[in-house]
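Model, not experiment: these values are computed from the prediction. We name chains A, B, ... by the order of the sequence lines, and we start the count at 1 in each one.
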Protein chains: 2
Amino acid sequence: MSVNLKELSESLGLSQTTVSRGLNNYSDVSEATRKRIKDAAKRLNYRPNARAKGLATGKSRTIGHVIPSNTQHEMVNPIFGDFIAGASSVYARHGYNMLVSRVAQGSETEIYNDLISSGAVDGIVIQGPTEKDQRIEQLSSMGTPFAVHGRSSAITKPYPWVDVNNQRAFERATQLLISLGHRKIALLNGLEHLDFAVRRRNGFLKALGAQGIEADPDMLFSEEMTESYGYLRTKELLDRKDLPTAIVTSSLITALGVRRAIEDSGRRMGKDISVVTHDDMLSYLPNGGAEPVFTATRSAVSEAGERLAEMLIAEINGDEDQPSEVLLEAELVIGRSTGASET
Amino acid sequence: MSVNLKELSESLGLSQTTVSRGLNNYSDVSEATRKRIKDAAKRLNYRPNARAKGLATGKSRTIGHVIPSNTQHEMVNPIFGDFIAGASSVYARHGYNMLVSRVAQGSETEIYNDLISSGAVDGIVIQGPTEKDQRIEQLSSMGTPFAVHGRSSAITKPYPWVDVNNQRAFERATQLLISLGHRKIALLNGLEHLDFAVRRRNGFLKALGAQGIEADPDMLFSEEMTESYGYLRTKELLDRKDLPTAIVTSSLITALGVRRAIEDSGRRMGKDISVVTHDDMLSYLPNGGAEPVFTATRSAVSEAGERLAEMLIAEINGDEDQPSEVLLEAELVIGRSTGASET
DNA sequence: AGTGTTTTCCAAAGCGCTTTGGATGCCCAG
DNA sequence: CTGGGCATCCAAAGCGCTTTGGAAAACACT
C-alpha cells in the first residue's frame, strides 16, 4: 500500500540519509538524484510517517483548538464552525493539522498541559477568553506558542491576539440608533463573563453616555446567544408599558428571535422597533445583498480564524516581524431593520 | 517543566522498562513499585510523549474528521459544531484526540490517503456522504477503520454508519400535513447530491403517493440550507397564483427563513401556511418547550456524533460485538407551525 | 603530483517510547 | 541439597524518521 523510508531507499540503491535529504530539498543532493528520489517516492506512494518525523524533529505540525463549551447548557458556539473553517484552510496551506479537544469547563488547565507536554501540538488557539483569562497566563508561562481569538482586558502583559473592535462596533451601532432619534434602547448582549461581551456593552454605554442618555438597567441583558433568548427577552420588553424603540443585539441568531417577537406582537421591524445586530457572517446565515435584512456591525469570523492561524504559524516558525496583535474593524451596514424613531 | 521516561526512571533508580510497564499496569511489576512509579510520575509531571508512544505502538489514538465544505459557497454546515461536540466528548472519555482537516472538494482522496498512510489517525469519520460516495469504497479498500454519518444508498457492501431515518421522518411529516387536509405541499430540501436529502425527498414523495397526491415539480427545491434559501423560495412560492398551503423543509435555519417570508407576506404560520421542518437540535437553535414554535422531525445531531464516535472506537479496538449500523428514529413533535388546511 | 575545495553521498546515533527475551532472587517440593 | 516455578526486574532492540560528522570522488589551482 505504501512504503517507508527504508524500503524506498533500498529500492533506489541509496542511503536513507540521501533519500531523506533529497525529499526535504537539501542542497547536498544532486538535482539528478533528487528527481530520481521524488519520482520513486510518488510512484511507490511514499508517505513519511508523521509520528516518526515528529519524534525526530520535535515538531508535530499540529495546532490545538479547544472547543469552548458552556457545560451549563452544553452549548456549542455557532461561530465555531466558521471560525474553524477559516483557520483550517490556512493550516492546510502550510501543512499543519488541527487537533480539536473538548473538555469540561474547569479542567482546561489539565488539557493544555497535556497537549503541550505530550508534544501533541506545536501551538494552541484560545477561544472565548474571559475578562481575566487564566489560560493566557498559563500558556505564557509555559512558553508555548499560542494566540487568542479575542482579548482579555485584565491581562496587561502582551500576548498574540486577533479581535474585532467590539467596543467601537457597538458604539457606532448605538450612535446610529441615537441619530435616528432613539432614546430607549435595549441591549441583548452575550454572556458578560466573556470579554467580547464586556467590550460591546462598554461601547453601547459609551455612545449613550456621550449623548447624556442614561441606560436603563432593566433593558440590559446578558445571556447565551440563542434564538429563543432574542425572542423571549424581546417579547417581554414589548409587553412593558415603557418599551424600547430600538434593540441592539450581539448575534444574528439572537436577532432572528428578536425579529420573531417583534412580528408576533404585530409590530414591524425597522418601523415600530429598530434593530441592530452584530453579524459574524456565518456562511449559513447570510445577511447581505443590496439591502440586508438587518442593519449590522459586520465582521467575518472566518477571516478572524484565518488571521489567527497565520499569526500562530508565524509565531511557531519564529517570524519576528509578523504582527502579533490584529484589530479588525467591523463595518456598519445599513439594512431594513432600522428607521427613525416615531416618538 | 516536565520529564521524560528516562529521567523519571533514573530518579526512581528503576529501568525504563519497569517504569513503562508500571505505568501501563502490567502485572509483572509489584504493587509497591507501581505505586512508587505513579506517585513519582505525578510529582514530576511526567507526560508520555505522544509521538514516541505512537511510534512504538503503531497507534495514534487520534480520529480524523474532514470538514464537509462546499467550496462553491464556502459553506460550513451549521450542524458541524454540534456533531463535533458530541463526538469529541466521547473521544475525550476514551483518551482519543480529534484531528480536523479541511480540504477542497475533489482532493478528498488525497487527504484520506495522507492521513492514513502517514499514521496520523487510527480511524476516520466521513460526513455528508453522497448517493454513491467514493470515499466509502476508498476507505473500505484501504482497510482503515471508518464510520459514516449518514449512508450512501448506492453502495451495497456493508460499512459502519449512524444515520437518522430520514425517509421515515419526512414521510411522517408529510403524512401529518396530509391528514390536516393539505394537498399542495412544497419541499425545501437540502442539496440532493447528498444522500440524506434524497431519502428525505423519497419519504416526502412516498407519503404523497400513498394518498394519490401528485407532487408538483415546481414545488420541489434543493439548495444549500441557509436562512435566505428558506426566505427567497417561500416568498416566491407565496407570490404564485397556485400557492402551497404547507411547506416541508430540511433545516431549522431554513425554516426561520420560511417563517420570515410567510410573515412578510402578511400571513400567519400555522394558520394560513403550515410548516414542518427537520430539527437537528442545534444547541443555539432550541425549538422546544411545551409547545415548540415549529412542528418538527427531531433528532439530535450531537447524539449521532456520540454514537458514531463510540462505534468507531469499538471498531478500532476490534470489538466485534458492537453494532455497526445505527438507525436513529426522529420523533415528530407538534408545534405551532401546523394547522388544518383552510381550503 | 600535491594540496585545497566542492560536490555528493552515507553510517550511525538519536528522538522517547514499548516490547522481547532473558536474568535474578526467592520459595517450596522432592 | 537441588531443581522447578514464580514474582520481579532489566538490557537492548526496534518503531521510522532526521541529523551529525565524516568519507569519497571530482575538480581546481599551484
Side-chain angles (χ1 to χ4, degrees), chain A residues 1-38 40-41 44-62 95 97 114-122, chain B residues 1-38 40-41 44-62 95 97 114-122:
Chain A
M1 198 75 241
S2 79
V3 299
N4 61 21
L5 184 63
K6 192 178 171 199
E7 294 161 342
L8 175 60
S9 56
E10 279 168 358
S11 90
L12 280 162
L14 290 169
S15 73
Q16 292 192 34
T17 306
T18 303
V19 175
S20 169
R21 312 207 100 198
L23 289 170
N24 292 311
N25 297 318
Y26 277 65
S27 63
D28 67 351
V29 31
S30 71
E31 272 315 317
T33 57
R34 186 197 310 291
K35 178 152 175 19
R36 267 184 70 212
I37 292 171
K38 292 201 170 174
L44 299 179
N45 190 32
Y46 170 69
R47 311 273 160 163
N49 182 293
R51 292 187 298 265
K53 191 164 187 163
L55 226 207
T57 59
K59 306 254 154 240
S60 62
R61 290 198 84 80
T62 299
N97 285 317
D114 243 41
L115 287 176
I116 295 159
S117 307
S118 75
V121 302
D122 292 341
Chain B
M1 199 76 243
S2 79
V3 299
N4 61 21
L5 184 63
K6 191 178 173 198
E7 293 161 344
L8 175 61
S9 57
E10 278 168 359
S11 90
L12 279 162
L14 289 170
S15 74
Q16 293 192 34
T17 305
T18 304
V19 175
S20 169
R21 313 208 99 199
L23 290 169
N24 292 313
N25 297 317
Y26 276 64
S27 63
D28 66 351
V29 32
S30 71
E31 272 315 316
T33 55
R34 186 197 312 291
K35 179 154 176 19
R36 267 186 69 214
I37 291 171
K38 291 202 170 173
L44 299 178
N45 189 33
Y46 170 70
R47 311 272 161 166
N49 182 292
R51 290 188 298 265
K53 191 164 187 162
L55 226 207
T57 59
K59 307 252 152 243
S60 61
R61 293 196 81 83
T62 300
N97 285 318
D114 243 40
L115 288 175
I116 295 159
S117 307
S118 76
V121 302
D122 292 342

Legend entry - Donor/acceptor link under 3.5 angstrom from A:T17 side chain onto base of D:dT19: yes
Inset, instruction - Check if the side chain of A:N49 and the base of D:dC17 share a donor-acceptor pair of N or O atoms closer than 3.5 Å. - result: no
Taking atom [atom2] of [N] as reference, at what distance in whole Å does atom [atom1] of [X] sit?
X: A:K59; N: C:dG14; atom1: NZ; atom2: P; result: 21 Å
X: A:Y26; N: C:dT6; atom1: OH; atom2: P; result: 21 Å
X: A:K35; N: C:dT8; atom1: NZ; atom2: C1'; result: 19 Å
X: A:R34; N: C:dC9; atom1: CZ; atom2: C1'; result: 13 Å

Taking only side-chain nitrogens and oxygens of [X], does any of them come within less than 4.0 Å of OP1 or OP2 of [N]?
X: A:N4; N: D:dC15; answer: no
X: B:S20; N: C:dT18; answer: yes
X: A:T18; N: C:dC10; answer: yes
X: B:K53; N: C:dT18; answer: yes

Inset, instruction - To the nearest 0.5 angstrom, please state how far the CG atom of B:L5 sits from the CG atom of B:L23. - result: 7.5 Å
Inset, instruction - Name the residue closer to the 5' end of DNA chain D, choosing between B:T33 and B:A52 according to the nucleotide with the nearest heavy atom. - result: B:T33
